[in-house]
Every structure is written in C-alpha cells, then in structure tokens.
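Throughout, a chain's letter reflects where its sequence line sits, starting with A, and its residues are numbered from 1.
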Amino acid sequence: MFPDHLLDKLNDEQLAAVTLPDEPALILAGAGSGKTRVLTTRIAWLIQQGRVSPSGILAVTFTNKAAKEMLARLGAMLPINLRGMWIGTFHGLCNRFLRAHHRDAGLPQTFQILDSADQLSAIKRLLKGLNVDDQKYPAKNLQHFINNCKEEGLRAEKTPAHDPQSRKFVELYEEYDRQCQREGVVDFAELLLRSYEVLLANEPLREHYQRRFRHILVDEFQDTNNLQYKWLKLLGRQASVFAVGDDDQSIYAFRGANVGNMAAFERDFRVQHLIKLEQNYRSYSNILDCANELIANNGNRLGKNLRTTRGHGEPVRIYESMTDQQEAQWLVDEAQNLIAGGKSRSEIAVLYRSNAQSRVIESALFKAGIPYRVYGGLRFFERAEIKHALAYLRLMENPHDDTAFLRVVNFPARGIGARSMEQLSDIARERQCSLHQAVPYLSGKAGKTIGDFVTMVDGLRFETAGLRLPEAVDQMLETSGLRAHYRAEKEGQERLENLDELVNAAANFISDDGMVSGIAGAKGFGLSGSEQAALAEGAGFDATGGGQGDAGFGADGLAAGGGADGLASDGGPAIADGAIALVPDADGVLDLPIPPLAAFLAHASLEAGDNQAEAGQDAMQLMTVHAAKGLEFDVVFLTGLEEGLFPHENAAAETSGLEEERRLMYVAITRARERLYISHAQTRMLHGQTRYNVRSRFLGELPEGCCKWLTPRISGYAAQQAGSVKAGWKRDWKESRSTGWEELGEYDAKAARRADIPDTGGGPVPGWVQKQQASDAGLRLGQSVRHAKFGEGVVTNIEGSGSDARAQINFRSAGSKWLALSVAKLEPL
DNA sequence: GGAGACTGCGTTTTT
DNA sequence: CGCAGTCTCC
C-alpha cells in the first residue's frame, strides 16, 4: 500500500492531482504551490499502486537541475532502482534515444553534441568556406534562423522562403545540416528534431515507445516549444500525459516557448481534468495579492489566483531613489540591518531585469564588505581552457570533428598559422573531406607541422585506449601541451586548477558501480534485455513486458545480456574502460555500452555545469529575474522598476511582449517569502550614458493597500511623460566618439511612437521632478529653450556638470542635438 | 605570435 | 561604460 504519510502531506487539490486516473491531465500549478512534490508523488504513487512499472514512466523537465531534484526526491520515496525510468531533460532523453537508435537516426553512435557556442563557430566556418558575406548574412542571424526552423520542425527543404534573403538563409541551413552530418555532430535543436523524425518515420520503433511509456509527465509545460509539443503528442498518443505548468510564469517566449501549448494540450488530448493548485505555501498575502492583482492585467490567462493561510505579513516596501548608485546604497544599508538582525545573507536576494544592472549593486556590496554571489556567469564546461581540453577529447573520439580540429590545431601555439590552415581548408573543400583527411595531401612545411599535430592526436587515441576515463583525460592534458601552456602563463594558475577539475569530473562521471553516471541520459539507456534483443534484430518489440502493472517493478523480462552486442558492435570505444561492461541491474535493465568518452562528452555538452557555485560562504544572492524562477528567498530586493528597463523597452511595444514582462514581474514578486522591496531610480547609467527613467507602470498595478512607499511619490502624467522622452531617442555612439557630443542624435520615431510620447510642440512639459535640474545651466528636462542657430526645442536629456555639462535638445526644425552648455547659448522660454 | 589600438555592441537563457 | 572581437604593427 502506498505510504500514507506521503499523501497526508498533500492538500485536496494536490491529492486529486496525484491520484488522478490514467488519463491526460493538465495541472495548473501556481508559484509555490508544491508542483514538484505533486509530480514526484504522482510517479511514486503510480508505481506503488502497480499502475505502471518504472520503465513505463517518462518524465521530462527543462533543466538538469529539475531532473536531478525529481530523481533525488523519488529516490527518497521509493525503495527501488530508478535506472529503468526515463527521467531527464528533453535533450538528455533525446540523446539517450538517438544513441540507442543511432542507425535508424543515421548517426554514428558516438556523435558529438554542439552547444550554442560550438554551433556558432561551425556556422562561421561554413560561411567562410562558402565565401558568404558575413555582413549580409551574419552568423548569429543564421544560427537563430536555423534553430527557429528546427524548433518548428522544419527541414531546409520544407522551409518557406519568399525573398532572396531568406532563400539564402534556407540554402545555408541546408549546407549547415550537410556539414553537421558529414562531421557527425548534432546541435541541441537537432537532438529533438532528429528524434522526432525517427519516431515519425519508423513505425515499429514508434509503436514500441508509444506502448512502453504509459505515463508521461511534463514539468514546466508552459516552456515547451512547438517541436517539443509535437514530440510529446507523437510519443504520448496512447499514454496518460500529465502536464504541469503555469501560464503566468511563461517567460521564455523569446527562445521559442509557446504558452499556447497549454491550451492546445487541453484541446488535443481532450483533457477531462484540469486541476488548479492555488494554495501557496511560500509567501504572505500582501505579497501574493500584489502578484495576483498585477497578473490580472494580462489577458488570455487560463485563470488562477494564489491564496495563502499565512496571514498578511508586512507590506511590500517601495523605494524611489535619485540614482542607481543611491538605489544600491539604500539596498546595501537595508540588507546590512537585516543581517545585523540575524537574517542570513543567503536568504536575501537582489533581482534585476538585466545583467548590466548588477555592476552598481556589486560595487556597493563590495564597498560594504558584504559577501555576495552573482548567478549567471561562465559555467564550468564553457571556460576556454575546458573547451580546449574537450576539443582534444573530441578529436580523439572523432578526428573528423573540424570544429574541434580548428580550435586546437594551433593551441597551444605550434606554429600553424592562418596560411597553412587556409591551404588545408582548400584541400578539404576540394575533396569534400574533413580537415583530418586532407592532411596527407598537404605538402611543404605546413604539411609537416599539421601532420605532427595529427600524429600527436592519433597517438593520444592509441595511448589512452587501455586507460580509464580520468587517466585518459589526464594523459591528454599532458601530451597535448595544455598543462604546460598554462603552467607557463602568469595567470594560468586558476586555469590549471580547472583542468584538474576536469579530470575529477571525468572520475566522478564513472560511478563506483561501474556505470557511467549522470542523469542527462549519458548513462545507460535503460533498455531491457528483451528490448535490446528486439532492437538489435530490427524486429518488432512485442517482447517487452513493461507496464503490465504486476506487483514487481522488473516487469521487463531479463534477457541475460543477450542482444546488447548487436547495438554496441560498431564504432567501438576509443577508450576501453573495463568498468563499462554490461551489467544487468536488479530490474534486468541493461546499460548499453556507449564508449565512456563519448558519454562524457555528451554530458559536458548537455550539462554545462554549475554557474560558479562556490556555495561555501553565506552570501547574498544576485541574479536576473529569469534566473530566479523556481527559487525562493525570505527577503527579495526587486530593483530597477523603470520604464524601458522593466518592462524592457524592446518588449513594451507589443501586447505580447508587455504581458511577458508582466509575467516576469509576477515571477519576481512571488520569489519572496517574508519581505519584498521594490525600488526604482530616476537616473541610471546605462551603456555609458545617463538615462532618465520613469517609474515602471507595473508599480501602478499593485494594490495600494498592500504596499508602503518609503519615499514620497511624485506622480502625474506629465512628469511620467517628460521622463519617457528619453525612450524615443537613441544616441549614436560612433558619432559621439568622433565629434564629441555636439551635433548628434537621430530621432527614432518608431521608438517614440512605441513609447507613446505626445508631441509637445516644443512647449514645456510641466511637473518633472524639480530635484533633477542640471546644476550649472539651470535647465531641466522637458524645458523649452531657444538656440540662436537651431531655434526652439525641448530639453530631453542632461548629462555631466560644470564645464562638462551637456544637454540633448530636440529642436523643432533642426532635430535632436547634443550641446555643450558651456558653449551653447540657450535661452529659456 | 602577441601587445595594444580600434570597433562595435549592449534583454532575458537552457539545452 | 565595459567587453569581445578584429586589426595592426613590431
């Protein structure tokens, strides 16, 4: 029987969700409503009730962190081996699938995974090889184009193109895919698309998995993109799909997430039970009421209202400062008081809309001597020295990986210059082969130096063949000269440590039970012996007994290791790791022998590692609102609530953009458990120039009764608009640098229209903050002035002071100009 | 091959 | 302003 204590902890809504019958269900899980608990308890319950065997479960998340957490919680609930379950990220699971069925997918078993940076350099190389004008077709744009296409499920030949520009993009997209295929590499979107296509085209395979996965659970459903949704629809045709999400927390539309998938799911899967989890266990009601009232301004919601039994709590504190520096200083003072009062630093978070805002706050914290941690920096596997090391490993695994080849052919420097590489590239292009294959045809000095490089890498492959993974990595670090290079470098100490850390990572990757570990799907495939046998024969899959719901969990019959060879025979591992032999576990699930190095490389690509989690010291937490999703803190400082910043100027133009910003605000507010501060500054330094910002409209959407303004409020439409003027003006930096700030600025009419700036006709805009007057000239924003040469205009920006004071004036006829106040004669009107 | 000048760019980000 | 990427010159 299912342990009561697990169900006892649930409220009625949660219990209903956990114990739903076998049918598609949509769970609307508000912030802090215990959605992870529901998901994991549901899985545990399904298994304990004998409704499904572990191998009949497919649970999908977006991040490795979420997958790990689910696995950890499940491990605590269920005394069973979790290996047979497919729990992981979309990408991790697709990786697992493609390795298992690499032949059906037309891929080498050891295919490499390109992360975004790898993909970009592959594209740059492609463009260079095809002599494409990178001004006209920037690599970054092409990258977006390709990823967007793939996320819509479109191959190049199916991609519509109506103008020459997009026709070229489509052509390049096709070339790119060809290049990837040739090199045996796969980008992130390709993992999904290829899996989807294989399932679509291969009926026995599709039917097998459709039959196998009786229960599919999806976390953060609002973040699914169109391809992921199609994938789920295909795979979950006969399954009970349990989708958990919150449309109000959909903040990733910019990378293809489609909230509409929630409504589509309800329709397409004929969802009978929509359950709303509205009980919030996190925050006091003043905070929740702010969130509720704010988000009510969005249209097209599935509709949900958070409630709590925790009482009102403190009011939300709102603070207005003159400058961003003052905002930071106030925040630091406030935090120091809290810390002095016993609040631990790690329970205090500072959130901001964009990373650029962290600088001022960091320096204030630094001055005050408060330890802090900024989230979102370089991740472990993204560090340059790690990327270099991985490139060597990739070349050892697959010498035809040209991206890897180019990355390290001359790193550490070995006298291989651009001209030598050009010769080699030419040969490779002519012969339509990899750089590695082109080397023998290269003569002269270039042939010698590059030949030596290739010999070295080939030698490494040979030398390390009998070594375990960590020793192989270590060997590579020596032979390649990477260690020596960083040892010789003055600042190389940290990089050396990171390289050592890579060896550790490799060691950790091979867990003690002899299995390659890592939940991203790099470890075994969790195919049962019978499945493997069936797959190896290319036959049907009726051998699988999974999901019959009998008492035990090992429903998949154990086929004593048979059949696995059929899958593993080709493309043997470059590194023989004795520990990797097939070991059937208690459930009879076999781990397929992916060469450990290939598995490790996949792991490195799919899980870039922690951000810089020096978790040691108790430190304040700084991060963007996006990064804060899913986290919670006792105290939250939500900073920079200014028009143009939050909502961001690039998003405020369209309703959909504005609504996503509002959801972002909603996410930010609901991070706070006990105390929430919201602040904004009248003046902020951005991109080297001072901007005059107006309080964010979102502040006006909060219920007065829940808030307490720590500073007097200056309100009024005119004041707001005067500040907004800046939004319509974009200063041209190139000109600014060459000619100083005298005659510049280009009126951005579109931005002005977007910002809904009234035509002041040169007249004064009254009521703008009096304390903002420029010290020397006595000018204020919005003031009308006359210039001898340019005529009448309005002051739209003021910078600097003393002899350096300058103002931007929007002249009625002459347009916008920056004028030095020490020189220009301006007559106030 | 590397230091230093020059140029361009600037929202959010996981896999 | 601050960073990354490219160019230039020794």
request  = For B:dT15, take OP1 and OP2 only and decide whether either is under 4.0 Å from a side-chain N or O of A:Arg379.
outcome  = yes
Nearest-angstrom distance, C1' atom, C:dT6 to B:dT11 = 25 Å
ask   = Quick one: is B:dT15 close enough that its OP1 or OP2 comes under 4.0 Å of any side-chain N or O from A:Asn64?
value = yes
inquiry  = Tell me the interatomic distance from A:Glu643, atom CD, to B:dT11, atom C1', rounded to whole angstroms.
reply    = 15 Å
inquiry  = Does A:Ser116 reach a base, just sugar-phosphate, or nothing at all? Heavy atoms under 4.0 Å.
reply    = base
message = Quick check on B:dG10: is either OP1 or OP2 less than 4.0 Å from any side-chain nitrogen or oxygen of A:Arg359?
response = no
request  = Round to the nearest Å and state the distance from A:Arg684 atom CZ to B:dG10 atom C1'.
outcome  = 15 Å
message = Under the criterion of centre distance below 5.5 Å and interplanar angle below 30°, is A:His648 classified as stacked on the base of B:dT11?
response = yes
ask   = For atom C1', what is the distance between C:dC3 and B:dT14, given to the nearest Å?
value = 23 Å
Interatomic distance where CD belongs to A:Gln119 and P belongs to B:dT13 [whole Å] = 19 Å
ask   = Would you say A:Asn355 reaches B:dT13's phosphate, i.e. side-chain N/O to OP1/OP2 under 4.0 Å?
value = yes
request  = Could you pick out which residue, A:Tyr252 or A:Arg419, lies toward the 5' side of DNA chain B when each is mapped onto its nearest nucleotide?
outcome  = A:Arg419
key: Nearest-angstrom distance, C1' atom, B:dT12 to C:dG5   = 23 Å
remark   = Closest to the 5' end of DNA chain B, once A:Glu660 and A:Ile416 are matched to their nearest nucleotides, is A:Ile416
message = By the 4.0 Å heavy-atom rule, please label A:Phe90 as base, sugar-phosphate, or nothing.
response = nothing
task = Take atom CD of A:Gln228 and atom P of B:dT14, then tell me their distance rounded to the nearest Å.
result = 15 Å
key: Short side-chain N/O contact from A:Thr624 to OP1 or OP2 of B:dT13, under 4.0 Å   = yes
message = Do A:Arg662 and A:Phe698 form a cation-pi contact, if we require the NZ or CZ to be under 6.0 Å from the six-membered ring centre and within 45 degrees of the ring's axis?
response = no
query = A:Glu362 CD to C:dC3 C1': how many Å, rounded?
reply = 15 Å
query = Does A:His102 have its ring centroid less than 6.0 Å away from the ring centroid of A:Phe111?
reply = no
Option among A:Phe221, A:Tyr252, A:Phe90 that satisfies the ring-ring contact (aromatic ring centres under 6.0 Å, His included) test with A:Phe62 = A:Phe90
query = Under 5.5 Å between ring centres and under 30° between planes: does that hold for A:Phe254 against the base of B:dT12?
reply = yes
d(CD, A:Glu649; P, B:dG10) in whole Å = 12 Å
remark   = With the side chain defined as heavy atoms from C-beta on, A:Arg353 is closest, among B:dT12, B:dT14, B:dG1, to B:dT12
inquiry  = So A:Gly417, base contact, sugar-phosphate only, or nothing? Heavy-atom distance under 4.0 Å.
reply    = nothing
ask   = Is there a donor in the side chain of A:Tyr375 and an acceptor in the side chain of A:Gln621, or the other way round, less than 3.5 Å apart?
value = yes
message = Regarding A:Arg691 and A:Glu642, does a basic nitrogen lie under 4.0 Å from an acidic carboxylate oxygen?
response = no
task = Give the rounded distance in Å between these two atoms: CG of A:Asn141 and P of B:dC9.
result = 11 Å
ask   = When you measure from the side chain of A:Ala413, which nucleotide among B:dG1, B:dT11, B:dT15 comes out closest?
value = B:dG1
ask   = Is A:Gln326 atom CD crowded by more than 12 heavy atoms from other residues, nucleotides or ligands, each under 6.0 Å away?
value = yes
request  = Under 4.0 Å between any heavy atoms, over every strand shown, what does A:Asp115 touch: base, sugar-phosphate, or nothing? Just pick one.
outcome  = nothing
query = Between B:dT14 atom P and A:Leu191 atom CG, what is the distance in whole Å?
reply = 17 Å
